[in-house]
Structure formats: structure tokens, C-alpha cells
Amino acid sequence: MAAAARRISSLLSRPLSLSPASASSLLSLGRNSSLERGSHGFSTAAAATEEPITPAVQINYTQLLINGQFVNSASGKTFPTLDPRTGDVIAHVAEGDAEDINRAVSAARKAFDEGPWPKMSAYERSRILLRFADLVEKHSDELAVLETWDNGKPYEQAAKAELPLFVRLFHYYAGWADKIHGLTVPADGPYHVQTLHEPIGVAGQIIPWNFPLIMFAWKVGPALACGNTIVLKTAEQTPLTAFYVAKLFHEAGLPPGVLNIVSGFGPTAGAALARHMDVDKIAFTGSTATGQIVLELAAKSNLKPVTLELGGKSPFIVCEDADVDKAVELAHFALFFNQGQCCCAGSRTFVHERVYDEFLEKSKARAMRRTVGDPFKSGVEQGPQIDSEQFEKVLRYIRSGVESSATLECGGGRLGSKGYYIQPTVFSNVQDDMLIAQDEIFGPVQSILKFNDLGDVIKRANATRYGLAAGVFTNNVNTANTLSRALRAGTVWVNCFDVFDAAIPFGGYKMSGIGREKGIYSLHNYLQVKAVVTPLENPAWL
């Protein structure tokens, strides 16, 4: 740990002291009911108004990556990427548009049709993925600093949870590369029938800003393992780490044109990618409203298949037999993790009426102890929201909650005068028809609702257009089984939350998306199945 602290402090102009226990509960990017974080004895306001720590890393990659080369956009335009702690410009990044998407797709198409990648043995592809993962591990300190600087998430979260998971994801997909194969199928007659699992071709991928590196891994890992080529559009708020890791990919031996990265805006670069006639598949993570646009553009162009991982309004259900102290800590984590900017955040906290009052008071106290401040500072649990737009959106929802007669227990406002910090906010007496109980807020706002029996909470938990995830906290296995089967959500965490192992599939029901990320299921998104039928003459057996 001391050696790690020396490496990390060299990347910051002011030393960062790492606590051995910091982010220990996030090592698997999840938390279980037995993990509790101690309270902090200094105010959130003081932490948020200190002079920000200045990262000492250099920004080396701000151009588009097309056909293995970093190049300017065709228009020559750039746009600023901002530090959420201050609103100041970190760097100016190439602004790609439709012409740049065309160039990137042409490179990806040539790499797929003529290049070595799909013709390379699966074992060789896996070796490149493994070399890449090793290079990321070697450069993980710099990448964690860039991720925090560009996104605002706590450095300890990026360094101790997300970078290790990123590496693990590429190890996982490297392992799959040479295990993708078809079947021999018996037929009713003298025929030899086999299925081939073929790469789908050029994959267009659009990733969000809340977990830039993790979403890169979720998309790029399975697509490359299956032998595809890629055009990836970054979120305009957080382009920096994608360019950095793309450089490492080429150091690992990835052929030119296999991975192309365009930074730009949704209505220009994103739309051009979704409707491109030479893109064979689109994968998108983001809001449900944007996902609907992506699906429409894909359908109206070449009817390319689409994978969507979209919004959520996940219930977190605290049953009457719960250990309240543990339930409070887990529900707090489920909502406030990553500044509340998590599609599967447990943003509707349903609490049984027998433990509601105790749970509410302890949840309020825990939120008031939450440390908000410069995400580079050791011990900080919550950094700023991503940008001014998201910041204002969250504050509008808080005002809506107050105007709807929910009880504002704590928080509700801005912290400091610079950057996009918001006080950890808790509402009680929340009703199902309030906007704060229906809409995806994507911020540090906990809504606590009361229920009286399982039938009641199942009906209410499912009464949403979303179905991404759910949490259940109970000591009764029968209750856990009842809820986990009744809740219409793609993931149900029982006595844990946000456990994102590489092998666990993730995706939603209803308007939370189409398809699954991670695990074996993610490979299906990037493969075509072909049946090959050959007659047999005088077969010895069928």
C-alpha cells in the first residue's frame, strides 16, 4: 500500500494519502450486507469548498482515432472537456461529425473485409486482449487520475474498483475468444448439419459518461473477442480515457482499423453512426429517450440489430425482518454510489412500516455524514455531478419533490460556489405518483417510501416503465425467493447491491433496454448464426 501511495501521489501536485480501508467495499464494484463504512467527522460543506487538487498528468490524446492514427476532425473543430469540480477546461478535443464517422466506418469495414483481425486465430486475438489488459494495469494510476479528472468520481473508486474491474473484464473476454464455436445438429434425413458462429461485422458503439472505462470494456471486449471491428463514439463529457486506452491497444498489437474512436455529440456523430448503412450492429448505453432515437435510426437505415442498456428506477426493498443498521448502509450505497449517477441506482427505497421510522432517522443521519468534496482527496465519498446540465436537472427534481409535499429530511441544495456539488438529499413521505418516485433523477437524491406487505410492494415496485435492477434486504429466504421471482427486473441483488462481476449478465426489462451486457450473453450480441447443410451419401449412421 505504501508503494501504491507513492506512485499515486506523484500524479498529483498535492500528495494524496491512501487509507488502507478506503474503497475496500468497492473492490468488486459492489457491496454486501456485511460491509459497513465508518462515519466521517468533518462537514461536507468544508470538504467541498477546499482548493481543488491539481492533477499532474499530461493530456496526450485528444484527436480522433481512425485506422490506427490519431487525426484531427474533418472540420478541424474541437470542443472543451470540463473539470466537474470547477467547470474549468481540461483540454480541447476533436469534434467528430458525420464525415468523421464515414471515415471511421470505412476503416473498420476495410479492416473487417480485408484485414488480419477476423482471419487471425482466436488464440492470437486472445493474446492481444491479454497484452492490452496488462498494459492497462501498468498504466492504471494515470488512467484513474484521468477518469476522476474528466468525470468527477472519487479517485479511490476509480483506482481501487473500476480499473481492476476493467482489467478483469478484458481477461474474461480474452478467455472467451477461442471458445466460441457452433454445433453439429442432427437432422431428419441424410444430411450433415453444422452451425457457424460468425462475427457480425462492423459494430457501432455509443458509450455514456458515468462509467467511461467500464462501459468501454463492456462494449469493446465482447465485440473484439468475437472477431468484429468497431467504431466507438465516446460521451462528449468524458472522452479522455478512451483515447488513452486505445493507444495502449495498438501497443498490444491490435491491427489498424479494428478499433476506431470518434469523440463528438449525439445529434451529429451519434446519429450518423446509428443510421450508417455500412454498420452491421449498434450497441448503445444511455437514457431511454436517446435509446428510442437510436433504435429508430437503426430501423430506418439498414435494419441493423440494436443492443440497448437504458435507464432505470430501481426499487430497493427493506423488509420487516431487516437488520436496520445494515439495511441503512446498503440502501445508502445503492443510491449514492457514483454521485447517484448510476442507471441501476436503488432510487426507490421501499421500507416496511414496522421499521420505517427507525430506518428513516438513521438514513438521514448517514446522508448527513456523507463526505462530499474534491474526489482526489482521500476519504471523500462523493464528488461533483458531471456537468451543469445534470446539476440543474437534479436540483429541479429536488424542487419538484418539495413542491409535491414530500418531506425534505436533509440536503436539497448546492454545496460550495464552484463546480457541480450537490448535498446528499433524503426525502420521506414519498408517494408513487410523485416525479421523484417515477423519473430517473441520476443524482444523490434518496426517496423513501413506506409499504405494509409483500403483495403491496411487489405491485408498486413493478409499477414503472423501467425494469433494470432491484434490491432486496431480508433475512428470510422465502421472502427473498418470492421477491426475486416477482420483480420484473434484469438483475435482483439480495442483501447486496452493485455487484458487477465480469460473468454476471446485465440488462433490463421493459424500457430499460434490449439484450444483455457481460457474461456469455454479451457474445450473442456480436455473432451471426449460420446453418450449413450438406447431403450425406450412404451414411453409416445419422
* To do: Any chance you could lay out the side chain to side chain donor-acceptor pair (under 3.5 Å) test for Glu517 and Ser522, step after step, and finish with the verdict?
  => CA-CA 5 Å; Glu517 308 268 16; Ser522 64; over 6 Å; no

* Phe333 and Phe497: ring pair (Phe, Tyr, Trp, His ring centres under 6.0 Å), yes or no, with the steps? -> CA-CA 8 Å; Phe333 172 75; Phe497 210 87; 7.3 Å; no

* Evaluation steps, ring pair (Phe, Tyr, Trp, His ring centres under 6.0 Å), between Trp493 and Phe473 -> CA-CA 9 Å; Trp493 287 295; Phe473 198 95; over 10 Å; no

* Would you please test Asp178 and Ser126 for side chain to side chain donor-acceptor pair (under 3.5 Å) and show each step? => CA-CA 7 Å; Asp178 60 356; Ser126 75; 4.9 Å; no

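You'll find the ring centres of Phe216 and Trp209 outside the 6.0 Å limit.
A salt bridge does not link Arg516 to Glu309: none of the charged side-chain nitrogens sits closer than 4.0 Å to a carboxylate oxygen.
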Can you list, pair by pair, the side-chain donor-acceptor contacts under 3.5 Å of residues 234-247, counting residues two or more places apart and other chains?
{"residue": "Thr241", "atom": "OG1", "partner": "Glu147", "partner atom": "OE1", "Å": "2.8"}
{"residue": "Tyr244", "atom": "OH", "partner": "His139", "partner atom": "ND1", "Å": "3.2"}

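Ring pair Phe170/Phe166 is tilted by interplanar angle, where 30° to 60° counts as tilted.
Looking at Gln205 and Val231, their side chains never come closer than 4.5 Å, going by heavy atoms from C-beta outward.
Under the 3.5 Å distance criterion, with hydrogens and angles disregarded, no donor-acceptor pair is assigned to the side chains of Tyr155 and Ser378. Under 3.5 Å, the side chains of Thr285 and Lys219 contain a donor-acceptor pair of N or O atoms.
Gln385 pairs with exactly one of Gln341, Gln390, Glu392 by the side chain to side chain donor-acceptor pair (under 3.5 Å) rule, that one being Gln341.
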